[in-house]
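Everything on this sheet refers to the single structure shown next.
What's counted below: heavy atoms across the whole structure, side chains too, no hydrogens, waters or symmetry copies. A note on names: the letters A, B, ... follow the listed sequences, proteins ahead of strands, and every chain is numbered from 1.
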2 protein chains.
Amino acid sequence: MPTEPTWLSPREDRAWRAFMHAHHQLAVRLRRHLLEDSGLTEADYEILAVLSEHATGSLPARELCALLQWEKSRLSHQTRRMQEHGFIVRETNPADARSSMIRLLPAGRRAIEDAAPQHVRNVRRHFIDLLTPAELDILTALNERILGHLAEDPFPEHSTPDEPALSP
Amino acid sequence: MPTEPTWLSPREDRAWRAFMHAHHQLAVRLRRHLLEDSGLTEADYEILAVLSEHATGSLPARELCALLQWEKSRLSHQTRRMQEHGFIVRETNPADARSSMIRLLPAGRRAIEDAAPQHVRNVRRHFIDLLTPAELDILTALNERILGHLAEDPFPEHSTPDEPALSP
DNA sequence: GGCTCTTGGTTGACGTGTCAACCAGCAGGT
DNA sequence: ACCTGCTGGTTGACACGTCAACCAAGAGCC
């Protein structure tokens with residue numbers, strides 16, 4: 001039987017490059033627009049978007065992590081910076097002394113409310129408006145298939161990094 | 001006339017999230033595989049791939065920049081690191097004393113030749129194999145449309161950063 | 001109560017990418 | 001020749017994300 005070819009065919013290669021490139025270029029463009037007309041980073045925006053969608057404007061860090069699919073250390077660094085900018089505060093959770101609550105401050109709410117409309121316009125301009133509704137649905141289906149496959153085929157976990165597994 | 005809605009519809013939002021997420025998750029996965037089974041970074045891989053495709057194994061930095069669509073400073077940092085790893089050397093270009101040539105070293109060629117087959121397998125496993133040829137072509141067309149739009153609608157250039165435009 | 005295990009979060013170090021500044025060398029005009 | 005501008009490349013400072021180590025507080029069990 002023929003083994004799988006080592007290389008991608010020109011057509012496959014083109015598909016692969018287009019896929020990676022399109023996303024990357026689009027992400028770069030949107031980041032620059034966002035930063036230029038609102039001073040927010042993509043990371044800032046994501047945090048503020050999630051927080052502002054929650055009535056209380058306050059979430060445990062753990063939940064933020066889960067919603068954003070971020071590593072906890074990344075969230076910790078990011079929230080420290082945002083606290084210095086006055087967008088949020090980290091306060092201790094009375095229900096669990098280990099946990100910390102991330103609370104949206106007025107400055108943070110103002111920032112996201114100022115930034116969001118223009119950002120959404122840019123998403124439309126560079127993505128949504130280029131596709132018919134049917135194409136949009138196809139694209140969603142294919143991308144979700146890729147995501148689904150990644151989810152059900154997890155990365156081989158790195159044999160717990162904490163305990164160094166020594167024999168004294 | 002109805003103005004454009006400020007927010008994305010649920011369907012649009014889903015499409016947008018799937019697009020961004022699928023690419024990001026896939027990129028993360030491939031980076032981890034690559035690093036784990038060949039010790040190469042994505043950036044290393046890209047450089048080595050381009051160099052190894054050229055018969056001479058040597059290119060002016062400027063051309064590498066253009067091929068990879070990288071910033072020149074990024075290339076400079078990256079090539080310095082890779083020179084320290086012994087994958088490449090930077091040598092002066094006899095034809096133009098400003099320019100520097102990036103030359104692939106044997107260790108670099110060995111590295112890319114060892115890494116490529118497994119990397120291609122991973123691209124197939126997590127991307128190509130999930131799609132029928134027809135779907136692959138559709139996806140290519142849509143992604144290339146997005147790329148084309150970005151290309152013909154360039155980011156408003158930042159009023160030349162170098163000259164500070166002062167009035168003495 | 002004590003003992004261990006787990007969970008939630010922080011920190012520091014490191015590799016990477018971007019930006020602005022800088023510098024040397026080429027090119028064009030006079 | 002000279003001056004001016006442009007081009008190719010390097011550097012340093014900074015923001016970001018990942019990893020491993022660490023710490024403190026809960027949970028489970030004797």
Side-chain angles (χ1 to χ4, degrees), chain A residues 24-25 27-29 31-32 34-36 39-47 59-66 68-85 88-102 155 157-166, chain B residues 24-25 27-29 31-32 34-36 39-47 59-66 68-85 90-102 155 157-166:
Chain A
H24 184 248
Q25 296 293 100
V28 166
R29 179 70 61 97
R31 263 199 291 273
R32 292 173 69 180
L34 184 63
L35 189 62
E36 190 140 297
L40 294 179
T41 321
E42 195 183 15
D44 292 337
Y45 188 90
E46 288 184 56
I47 298 262
L59 279 176
R62 187 182 44 72
E63 275 202 46
L64 259 181
C65 264
L68 294 168
Q69 303 253 74
W70 281 16
E71 294 210 4
K72 57 187 184 175
S73 75
R74 179 181 176 190
L75 187 75
S76 184
H77 287 304
Q78 182 66 30
T79 50
R80 179 182 45 71
R81 281 174 236 136
M82 290 177 72
Q83 184 161 18
E84 288 163 6
H85 289 319
I88 54 131
V89 273
R90 293 183 288 182
E91 36 198 30
T92 61
N93 183 346
D96 181 345
R98 291 171 299 180
S99 165
S100 75
M101 302 288 289
I102 314 296
F155 193 80
E157 274 311 343
H158 229 149
S159 68
T160 157
D162 238 307
E163 282 303 307
L166 73 169
Chain B
H24 185 248
Q25 296 294 101
V28 166
R29 179 70 62 97
R31 263 198 291 274
R32 292 173 71 180
L34 184 63
L35 189 62
E36 192 140 297
L40 293 180
T41 322
E42 196 183 14
D44 293 337
Y45 188 91
E46 289 184 57
I47 299 262
L59 278 177
R62 188 182 44 73
E63 274 200 48
L64 259 180
C65 263
L68 294 168
Q69 302 254 74
W70 281 16
E71 294 210 2
K72 56 187 186 174
S73 74
R74 180 181 176 190
L75 187 74
S76 184
H77 285 305
Q78 182 66 29
T79 50
R80 179 182 45 71
R81 282 174 233 135
M82 290 177 72
Q83 184 161 18
E84 287 163 5
H85 289 320
R90 294 183 288 181
E91 36 198 31
T92 60
N93 184 346
D96 181 346
R98 293 169 298 180
S99 165
S100 75
M101 301 289 288
I102 314 296
F155 191 80
E157 275 311 342
H158 231 155
S159 67
T160 158
D162 239 306
E163 282 304 306
L166 74 168

inquiry  = Pick the closest DNA chain C nucleotide for B:A97 and for A:M101 by heavy atoms, then say which residue is nearer the 5' end.
reply    = A:M101
query = So what does A:R31 hit on the nucleic acid, given a heavy-atom distance under 4.0 Å: a base, only sugar-phosphate, or nothing?
reply = nothing
task = Specify the separation, in whole Å, of atom CG of A:N93 and atom C1' of C:dT7.
result = 13 Å
inquiry  = Rounded to whole Å, please give me the gap between CG in B:L64 and C1' in D:dG9.
reply    = 13 Å
query = Which whole-number value in Å describes the distance from B:K72 NZ to C:dA24 P?
reply = 15 Å
task = Would you please name every residue forming a side-chain contact (heavy atoms from CB on, under 4.5 Å) with A:A97, sequence neighbours left out?
result = none
task = Check side-chain contact (heavy atoms from CB on, under 4.5 Å) between A:R31 and all other residues, then give those that pass, not counting sequence neighbours.
result = A:A27, A:V28, A:E42
Atom pair distance, as rounded to whole Å: CZ in B:R62 and C1' in D:dT10 = 17 Å
query = Checking side chain to side chain contact (heavy atoms under 4.5 Å, CB included) against B:P60, which of B:S99, B:S100, B:C65 comes through?
reply = B:S99
request  = Assign A:S76 to base, sugar-phosphate, or nothing according to its heavy-atom contacts below 4.0 angstrom with the strands shown.
outcome  = base
ask   = About how many Å separate CG of B:L64 and CD1 of B:I102, when rounded to the nearest 0.5 Å?
value = 6.0 Å
ask   = What residues form a side chain to side chain donor-acceptor pair (under 3.5 Å) with B:Q83, not counting sequence neighbours?
value = B:R90
inquiry  = What is the separation between atom CD on B:E84 and atom C1' on D:dT11, rounded to the nearest whole Å?
reply    = 14 Å
message = Quick check for you: to the nearest 0.5 Å, what is the distance between B:D96 atom CG and B:M101 atom CE?
response = 11.0 Å
note = A correct 5'-to-3' footprint of nucleotides 12-19 of chain D, with B, S and - meaning base, sugar-phosphate only and no protein heavy atom under 4.0 Å, is BB--SSBB
note = Residues pairing under salt bridge (charged side-chain N to carboxylate O under 4.0 Å, His left out) where one sits in residues 73-82 of chain A, two or more places apart or in two chains, turn out to be A:R80-A:E84
inquiry  = Base, sugar-phosphate or nothing for A:S100? Non-hydrogen atoms, less than 4.0 Å.
reply    = sugar-phosphate
message = Let me confirm one number: the CD-CD distance from B:Q25 to A:Q69, rounded to the nearest 0.5 Å.
response = 6.0 Å
inquiry  = Measuring from atom CD of B:E46 to atom OG1 of B:T41, what distance do you get when rounded to the nearest 0.5 angstrom?
reply    = 10.5 Å
Produce the list of close N/O pairs, under 3.5 Å, pairing protein atoms with atoms of nucleotides 3-6 of chain D; give distances to one decimal.
none

